[in-house]
Amino acid sequence: MLAAKIATRTARHRSWVRLASTATAPSSYKVVVIGGGAGGLAVSSTLSKQLGKNEVAVIEPSETHYQQPLFTFVGGGLKRFEETYRPTSDVIAPEAQWINQAAAQIDPDSNTVTLADGTKVAYEYLVVAAGIELDFAGIKGLESAIGKNGVASNYSPRYVQKTFEFLQGVKEGNALFTMPATPVKCAGAPQKIAYLADELFREKGIRDKVAVGYYTALGKIFAIEKYANAMNEVARSRDIGVNLFHDLVEVDGAAKKATFKVLGAGPQAGETVTVPYEFLHVTPPMKPFDFIKSSAISNAAGFVDIDKGTLQHTKYPNIYSIGDCSSLPTSKTAAAAAAQSSVLKYNLLNQIRGTNAPAAEYNGYTSCPLVTGKNKLVLAEFSGYTGAPHETFFFDQAKEHAFSYWVTADVLPAVYWSSMLKGTWHGPATIRKFANPTAKN
């Protein structure tokens, strides 16, 4: 069924691809990948090796590539910021062409991407891996307060080092940690830093003078029940207040006050609550990039509208998407992108080569390593489609474990640079066969 679906869309679109590839244009490629993040490089590295030099272009404006999963460790004082980044030129495959600009428009009917300078790039096949946009302007007063006034965020390389700096300066008062109502990347990160801050305050002997509060716009501390139960217990045991249905709407940096709107259907719904703070870690709202939202490739929410199994676009068969910018109904993580990349590359290469093979299908796998302290971590692995845990190791990963911390803090960062960005890491399915043989892959 999946193979037939891809084949039907491919046949319908072949004439469009031929016209686009022969049209006069400043540049034209077999495959254009928008985005040089984890997902985009995992795809482009493999495709460029398979298809040959300069057949694949990567549109990426940033000259620096960040391993974003490490930002929590930097904010908690456990890693150096210098460990998180490398020049983009060093991580893009030499066989691929790097276009060092931002995408401004996608025209799927003419098979072109317009760049920020107005140049048009033609493609036969398009992979959209643009990520998701941080919307600091979506919270009143945040842009003028962040980076000072005790306000920081691990989500931005610009502010992540401020987190540990400001935490070290806390002596008493409220330390607040927020989670917005919008979809976000790495949905566990907003609470991870709360646990690391709690540990830091205890080490300094001031925990009895600092109230730690986690404020989330959502109705649960974590989406998957097994891990939600674990995290509620961690928070309870450390006296971390968990405030559900509280969405940060305003920051008054000068007065050091945070205002939350109460969501949900409770008696306080619609009201606002203002809380003074000494330290405030903000997870900003996030949104699709305008060039995707304004294109015919997006769904009503602004994400690239793709089949959740094949990762192929629901209307344009020569377009695929991966990661945070896609409509896939699973958590937006690097682990998810790794698993998705395998499916996308298999299906796209078969389409390019005209191979009538059964389509690969993504099962919603994702992972969220929840750091709870130095050498402690809850390793959440699950399918975002079913909500079922999908654990790699034989032990109960909902329990805090030093081994899980070591895997996340030391092993996976090395795998990221040496394998994922080179297109050879597709997740732990192979390891799971040996480390947890009773689990389904």
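Dense packing is recorded around CZ of Arg353, with more than 12 heavy atoms of other residues, nucleotides or ligands lying under 6.0 Å away. No more than 12 heavy atoms of other residues, nucleotides or ligands sit less than 6.0 Å from atom NZ of Lys261.
Contacts classified as side-chain hydrogen bond (donor to acceptor under 3.5 Å, both in side chains) and involving residues 70-90 (residues at least two apart or in different chains) are given here: Lys79-Asp410. The salt bridge (charged side-chain N to carboxylate O under 4.0 Å, His left out) pairs that include a residue from residues 376-387 are Glu381-Arg432, where partners are two or more places apart or lie in different chains. Screening residues 413-427 for salt bridge (charged side-chain N to carboxylate O under 4.0 Å, His left out), with sequence neighbours left out, gives no hits.
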Query raised in the report: Taking it one step at a time, do Ser341 and Ile322 satisfy side-chain contact (heavy atoms from CB on, under 4.5 Å)?
Result: CA-CA 7 Å; Ser341 70; Ile322 185 175; 3.7 Å; yes
Report task. Take Lys315 and Asp305, measure what side-chain contact (heavy atoms from CB on, under 4.5 Å) needs, and give me the verdict at the end. Result -> CA-CA 8 Å; Lys315 179 181 178 182; Asp305 194 10; over 6 Å; no
Report task. Kindly determine whether Leu126 and Asn318 satisfy side-chain contact (heavy atoms from CB on, under 4.5 Å), including the steps that lead there. Result -> CA-CA 6 Å; Leu126 178 67; Asn318 65 331; 5.9 Å; no
Report task. Determine, stepwise, if the pair Thr372 / Met231 fulfils side-chain contact (heavy atoms from CB on, under 4.5 Å). Result -> CA-CA 9 Å; Thr372 57; Met231 303 323 295; 3.8 Å; yes
Going by atom type alone, with no hydrogens or angles, which donor-acceptor pairs under 3.5 Å involve a side-chain atom of residues 55-64 and a protein atom two or more places apart or on another chain?
residue	atom	partner	partner atom	Å
Glu60	OE1	Gly36	N	2.7
Glu60	OE2	Ser62	N	2.8
Ser62	OG	Thr64	N	3.1
Ser62	OG	Thr64	O	2.7

Show me the donor-acceptor pairs, under 3.5 Å and distance only, between side chains in residues 215-222 and residues at least two apart or in other chains.
residue	atom	partner	partner atom	Å
Thr216	OG1	Leu218	N	3.1
Lys220	NZ	Ala223	O	3.1
Lys220	NZ	Glu225	OE1	3.0

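Remark: Lys308 is positioned above the aromatic ring of Tyr385, its terminal NZ or CZ atom under 6.0 angstrom from the ring centre and at most 45 degrees off the axis. Because its NZ or CZ atom is both nearer than 6.0 Å to the ring centre of Phe303 and within 45° of the ring axis, Lys332 counts as a cation-pi partner of that residue.
Between Phe177 and the choices Tyr214, Phe279, Tyr195, the ring-ring contact (aromatic ring centres under 6.0 Å, His included) rule is met once, by Phe279.
In this structure, a donor-acceptor pair under 3.5 Å is present between the side chains of Gln68 and Lys185. In summary, the side chains of Asn347 and Gln312 do not present any donor paired with an acceptor at a separation below 3.5 Å, with no hydrogens or angles considered. Checking Gln351 against Tyr320 by side-chain atom types alone, a donor-acceptor pair falls below 3.5 Å. Checking Thr163 against Asn154 by side-chain atom types alone, a donor-acceptor pair falls below 3.5 Å. Judged by distance alone, the side chains of Asn111 and Tyr316 never bring a donor and an acceptor atom under 3.5 Å apart. Counted by atom type alone, Ser110 and Thr112 present one or more donor-acceptor pairs between their side chains at under 3.5 Å.
Between Tyr155 and His281, the angle of the ring planes lies from 30° to 60°, which puts this pair in the tilted group.
Between the side chain of His390 and the backbone N or O of Gly387, no donor-acceptor pair lies under 3.5 Å. Side-chain atoms of Thr386 come within 3.5 Å of backbone N or O of Ala388 as a donor-acceptor pair.
Using a 4.0 Å cut-off between charged nitrogen and carboxylate oxygen, Glu133 and Lys293 do not count as a salt-bridge pair.
Partners of Lys374 according to the salt bridge (Lys or Arg N to Asp or Glu O under 4.0 Å) rule, which considers only residues two or more places apart in sequence or in another chain, are Glu203.
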